[in-house]
Amino acid sequence: MYGFLRRPRWIALLLLVAVLVVAFVQLAAWQDRRHYERAARNAVIEANADAATVPLATVLAPSAPVDSDVEWRQVTVEGRWDADGQVLVRNRPREGRPGYLVVTPLVPDGAPALLVVRGWVPVGATAVDQPDVPEPTAGDVTAVVRLRRAEEPKSAGDLPTGHVLRVDPELISTGLGYPVYDGYGELVSQVPEPAAPLPLPAEPTLSAGPHLGYAVQWVLFACVAIGGVIALVRREAEYLREEREHPDGAAQTDAEISSGSA
């Protein structure tokens, strides 16, 4: 009854469905892995964010990059803001408004400087106009910051002076004349308080994301593909059975159906 499956068009259809099912299962597994990776990342963020605030030197060596083990950890840094080394990171909207991150080196005595996102400012009148950025506090300050990993480098030509696209310590430190940590901080608070505080960076979000839902979706697609081809095979087999039982192509009459039921 199922000999028709050896026909080329059926072989092609079954191979196509098999490829689709394998692809759907692989996509489901990928989304499942992303779900658990996100959960693990959230656990690290939560643990680091809840850990006690300690001096920067106790969790990060001068030559070590900020990695996932210490990212989002709150640390204290003492030093002076270097307003001359300040840059603006472009394309950083906040609550639907276009703007910049204000990144200023915080320079301690006898240690690398830490680039710190002091806050956010809206764009100027045009893309090339400098926005109004309050000066950092003069003199010694003690800042509490959240450590963040350096962003992936991205360069672009024709940017205004002092503008960059990424918080990239290697690029930003060019010309500063002193070493900086391989990573940066997001300002949480400082003492003394700034005279003109900026909107601070948002705290980390711990959303699980849509990955688990996507994984279930791909599994359902695989089930639909399998169910669909099974339905097609059964319908074809039923058609061939009817064709063998009624080779002349005549349909059964109501009487035949009734007698058959009896």
Side-chain angles (χ1 to χ4, degrees), residues 1-50 65-72 91-98 148-156 165-168 202-262:
M1 183 180 297
Y2 293 98
F4 64 89
L5 293 176
R6 293 192 293 269
R7 296 173 184 171
R9 69 184 184 91
W10 279 99
I11 291 174
L13 175 62
L14 294 176
L15 287 175
L16 174 61
V17 171
V19 169
L20 288 176
V21 168
V22 170
F24 292 158
V25 169
Q26 291 294 326
L27 288 168
W30 171 59
Q31 290 291 348
D32 188 58
R33 287 194 301 272
R34 293 194 66 187
H35 170 73
Y36 284 104
E37 288 170 358
R38 184 70 171 267
R41 171 183 174 272
N42 288 345
V44 171
I45 291 174
E46 190 171 18
N48 286 346
D50 291 341
V66 175
D67 57 25
S68 59
D69 291 336
V70 297
E71 188 173 23
W72 300 106
N91 303 324
R92 300 303 169 105
R94 182 185 177 96
E95 298 177 353
R97 299 178 61 194
R148 298 295 309 276
R149 283 185 286 185
E151 295 182 350
E152 290 292 328
K154 183 178 181 180
S155 60
L165 296 179
R166 295 287 188 270
V167 188
D168 175 13
E203 295 184 0
T205 58
L206 300 179
S207 169
H211 306 300
L212 187 59
Y214 287 160
V216 173
Q217 173 182 287
W218 287 117
V219 170
L220 290 176
F221 286 165
C223 292
V224 168
I226 293 171
V229 77
I230 289 174
L232 287 175
V233 169
R234 293 184 64 181
R235 188 174 67 178
E236 182 72 8
E238 182 66 18
Y239 172 78
L240 293 176
R241 184 182 67 80
E242 290 288 338
E243 193 175 56
R244 284 198 301 271
E245 291 179 356
H246 305 282
D248 56 355
Q252 288 179 294
T253 63
D254 290 343
E256 290 172 329
I257 295 173
S258 299
S259 61
S261 301

Minimum heavy-atom distance between Val25 and Ala222, given as atom pair plus value: CG2-CB, 4.4 Å
Spatial distance of atom CG (Leu15) from atom CG (Leu20) [nearest 0.5 Å]: 11.0 Å
Spacing of CG belonging to Leu14 relative to CZ belonging to Arg9, to within rounding of 0.5 Å: 11.0 Å
Leu165 backbone acceptor or donor facing Arg92 side chain under 3.5 Å: yes
Val21 to Ala225 - nearest heavy-atom pair and separation: CG2-CB, 4.0 Å
Electrostatic pair Glu238:Arg241 at N-O distance under 4.0 angstrom: yes
Ser68 versus Val44, closest heavy-atom pair with distance: O-CG1, 3.0 Å
Check against side-chain contact (heavy atoms from CB on, under 4.5 Å), Trp10 and Arg6: CA-CA 7 Å; Trp10 279 99; Arg6 293 192 293 269; over 6 Å; no
Stepwise side-chain contact (heavy atoms from CB on, under 4.5 Å) check, Ile230 with Arg234: CA-CA 6 Å; Ile230 289 174; Arg234 293 184 64 181; 4.0 Å; yes
Where Asn48 and Asp69 come nearest, the two heavy atoms and their spacing: ND2-O, 3.2 Å
Shortest non-hydrogen contact between Pro153 and Asp168, atoms and distance: CB-OD2, 3.5 Å
Atom pair CG (Leu13) and CD (Glu236), whose distance is rounded to the nearest 0.5 Å: 10.5 Å
Minimum heavy-atom distance Glu71-Val66, with the two atoms named: CA-CG1, 4.2 Å
